[in-house]
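What follows is a single structure, written as structure tokens, with notes after it.
So that the names make sense, note that chain A is the first sequence line, chain B the second, and so on, each numbered from 1.
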There are 2 protein chains.
Amino acid sequence: MERVSEHELAIWRYFVKTHALIIEQIELDLANQKRVPLTTYDVLIALYEAPEQRLRLGELVHKTVLSKSGLSRLVDRLAREGLLRKEKSHEDGRGAYAVLTDDGERELRKAWPIYAKGIKNYFAAPLSIDQRNSLQQALYSLYESMKQLGQEDEAT
Amino acid sequence: MERVSEHELAIWRYFVKTHALIIEQIELDLANQKRVPLTTYDVLIALYEAPEQRLRLGELVHKTVLSKSGLSRLVDRLAREGLLRKEKSHEDGRGAYAVLTDDGERELRKAWPIYAKGIKNYFAAPLSIDQRNSLQQALYSLYESMKQLGQEDEAT
DNA sequence: CCCCTATTGTTGACTACGCAACTAAATATA
DNA sequence: TATATTTAGTTGCGTAGTCAACAATAGGGG
């Protein structure tokens with residue numbers, strides 16, 4: 001196994017730091033407008049995009065960046081706040097669905113412009129078309145290689 | 001202001017998810033080998049690279065992804081664990097330095113191979129030379145644009 | 001020199017999250 | 001069909017992190 005080069009390390013640091021800065025800034029923008037934080041947003045949008053605005057918790061966890069316990073708690077909180085509703089599954093007695101409520105959808109619509117503006121300003125706009133395309137390519141490669149790794153783990 | 005496109009949104013999602021997956025995996029690798037978590041590592045390496053292995057807490061906070069209170073607590077913790085030492089500043093009565101200890105450096109040396117392997121395997125290796133270079137370019141653009149934004153904020 | 005403002009770092013109160021152990025239901029095995 | 005294994009989600013417990021308020025010091029004007 002080859003050693004990591006200075007160059008690679010430098011890129012890595014940009015990756016980590018840039019990610020943190022952008023997320024932080026978007027989070028700040030959302031908070032300033034009294035909107036939901038990103039993790040919440042991610043759950044709501046995942047539900048919104050799902051057929052019938054409903055998803056099993058297990059599917060939901062894959063769409064987010066949380067652990068399953070983290071997601072379980074978050075979903076409970078959001079249910080308490082009325083942004084979604086929990087329903088137990090009929091097909092599977094262990095399972096539960098999270099279902100987007102009208103309030104949840106409203107909140108989503110309010111948060112989205114702010115989030116979108118963040119993505120546009122902090123992430124999309126500073127890049128040229130070329131940069132954007134090659135960033136996509138690179139991220140896709142990385143994502144695929146991580147996904148594969150995750151599957152190997154599960155096979156253990 | 002232009003709306004964010006589907007394409008841009010898709011890249012953004014890869015960005016967030018990929019980052020999370022890689023960090024998570026490296027964190028896991030470190031924990032499996034009973035080594036310090038990434039935030040700790042970041043502090044130790046920043047000190048290691050600093051002249052005389054010492055930095056003001058204010059400088060340190062910029063090298064990490066923590067808030068200043070978060071950093072303050074982390075530094076306290078690390079001091080308790082003996083990985084660094086806190087020294088109050090002579091030039092500035094309010095200030096404090098974090099200074100890397102021998103134990104801290106030892107820990108650093110133990111953690112580094114695992115971390116490096118993670119960067120190599122999950123981040124560097126899956127990319128072609130071209131991808132790597134353009135990723136660097138793109139990240140650099142993003143970083144610079146965020147840095148500028150941060151400076152505007154401070155000027156408020 | 002004294003006061004006013006800015007800066008450095010800490011602290012109290014709180015929250016979100018992870019891990020690991022758990023319950024309950026589903027599925028495979030025998 | 002009885003038992004073992006796997007899977008879905010929850011929960012107890014601990015920790016790390018944030019924000020906002022704070023103390024202490026620094027650095028100007030007047």
Side-chain angles (χ1 to χ4, degrees), chain A residues 20-21 23-32 34 36-43 54-81 83-99 153-156, chain B residues 20-21 23-32 34 36-43 54-81 83-99 153-156:
Chain A
L21 286 174
I23 292 285
E24 203 179 321
Q25 186 61 49
I26 293 180
E27 206 74 81
L28 194 64
D29 293 347
L30 285 167
N32 281 339
K34 313 269 188 242
V36 293
L38 271 182
T39 42
T40 295
Y41 184 87
D42 286 345
V43 167
R54 62 171 52 234
L55 237 31
R56 286 288 294 265
L57 298 197
E59 307 176 78
L60 204 39
V61 82
H62 290 301
K63 312 252 179 192
T64 69
V65 137
L66 296 174
S67 69
K68 68 177 176 164
S69 64
L71 180 81
S72 174
R73 290 180 211 282
L74 176 56
V75 165
D76 279 357
R77 238 182 301 138
L78 298 185
R80 249 180 281 124
E81 294 170 20
L83 300 180
L84 55 77
R85 167 166 42 92
K86 264 170 96 172
E87 272 179 23
K88 57 181 169 184
S89 165
H90 294 302
E91 319 87 69
D92 185 335
R94 300 161 299 182
Y97 283 93
V99 189
D153 280 7
E154 280 171 31
T156 306
Chain B
L21 285 174
I23 292 285
E24 202 180 320
Q25 186 61 49
I26 293 181
E27 206 74 81
L28 193 65
D29 293 348
L30 286 166
N32 281 340
K34 312 272 188 241
V36 294
L38 271 183
T39 44
T40 295
Y41 184 88
D42 286 345
V43 166
R54 60 170 54 234
L55 280 176
R56 287 289 294 265
L57 298 197
E59 308 177 76
L60 202 42
V61 82
H62 290 302
K63 313 251 179 192
T64 68
V65 295
L66 294 174
S67 68
K68 68 176 175 167
S69 61
L71 180 81
S72 176
R73 288 183 210 279
L74 175 57
V75 165
D76 279 358
R77 238 181 301 140
L78 299 185
R80 248 179 284 125
E81 294 170 21
L83 300 180
L84 56 78
R85 168 166 41 90
K86 264 169 96 172
E87 270 179 24
K88 56 181 167 187
S89 165
H90 295 300
E91 317 89 68
D92 185 333
R94 299 162 299 182
Y97 284 93
V99 190
D153 279 6
E154 278 171 33
T156 307

* Which whole-number value in Å describes the distance from A:Leu38 CG to C:dC17 P? -> 11 Å
* Asked: Atom CG of B:Leu60 and atom C1' of C:dG9: how far apart are they, to the nearest Å?
  -> 12 Å
* Heavy atoms under 4.0 Å, any strand shown: does B:Ser67 hit a base, just sugar-phosphate, or nothing? -> sugar-phosphate
* Can a side chain N or O of B:Ser72 be found less than 4.0 Å away from OP1 or OP2 on C:dG9? -> no
* Asked: When all nucleic acid strands are considered with a 4.0 Å heavy-atom cut-off, which category describes B:Gly58: base, sugar-phosphate, or nothing?
  -> sugar-phosphate
* To do: Mind checking B:Leu71 for me? I need base, sugar-phosphate or nothing, with any heavy atom below 4.0 Å counting as a touch.
  => nothing
* To do: Would you classify B:Thr39 as touching base, sugar-phosphate or nothing, given that sugar-phosphate means primed atoms plus P, OP1 and OP2, and contacts are heavy atoms under 4.0 Å?
  => sugar-phosphate
* For B:Arg77 and D:dG17, is the shortest distance between a side-chain N/O and OP1 or OP2 below 4.0 Å? -> yes
* Asked: Can you find a donor-acceptor pair, distance only, under 3.5 Å between A:Arg73 side chain and D:dG9 base?
  -> no
* To the nearest Å, how far apart are B:Glu87 CD and C:dT8 C1'? -> 17 Å
* Asked: Relative to the 5' end of DNA chain C, which residue comes earlier, B:Lys86 or A:Ser69, by the nucleotide with the nearest heavy atom?
  -> B:Lys86
* Distance, rounded to the nearest Å, where A:Tyr41 contributes OH and C:dA16 contributes C1' -> 21 Å
* Round to the nearest Å and state the distance from A:Arg56 atom CZ to D:dT7 atom P. => 14 Å
* Donor-acceptor contact below 3.5 Å, side chain A:Glu87 vs main chain A:Ala96 -> no
* Which nucleotide, C:dT10, D:dG9, C:dA26, lies nearest any side-chain atom of B:Lys68? -> C:dT10
* At under 4.0 Å between heavy atoms, what does B:Lys88 touch on the DNA or RNA strands: base, sugar-phosphate, or nothing? -> nothing
* To do: Please tell me which of B:Val65 and A:Asp76 maps to the more 5' nucleotide of DNA chain D, matching each residue to the nucleotide holding its nearest heavy atom.
  => A:Asp76
* Step by step, would you call A:Leu38 with A:Val65 a side-chain contact (heavy atoms from CB on, under 4.5 Å)? -> CA-CA 10 Å; A:Leu38 271 182; A:Val65 137; over 6 Å; no
* To do: Would you mind reading off the distance between B:Leu28 atom CG and C:dC17 atom C1', rounded to a whole angstrom?
  => 16 Å
* Distance in angstrom units between A:Leu74 CG and D:dT10 P, rounded -> 12 Å
* Select one nucleotide: of D:dG17, C:dA6, D:dT7, the one nearest the side-chain heavy atoms of B:Leu66. => D:dG17
* Asked: Expressed in angstrom and rounded to an integer, what is the separation of A:Gln25 atom CD from D:dT18 atom C1'?
  -> 16 Å
* Asked: Rounded to the nearest 0.5 Å, what separation is found between the CG atom of B:Leu66 and the CG atom of B:Asp42?
  -> 8.0 Å
* Asked: Once you round to the nearest 0.5 Å, how far does OH of A:Tyr97 lie from NE2 of A:His90?
  -> 9.0 Å
* Name of the residue among A:Val99, A:Thr40, A:Val75 meeting side-chain contact (heavy atoms from CB on, under 4.5 Å) with A:Leu84 -> A:Val75
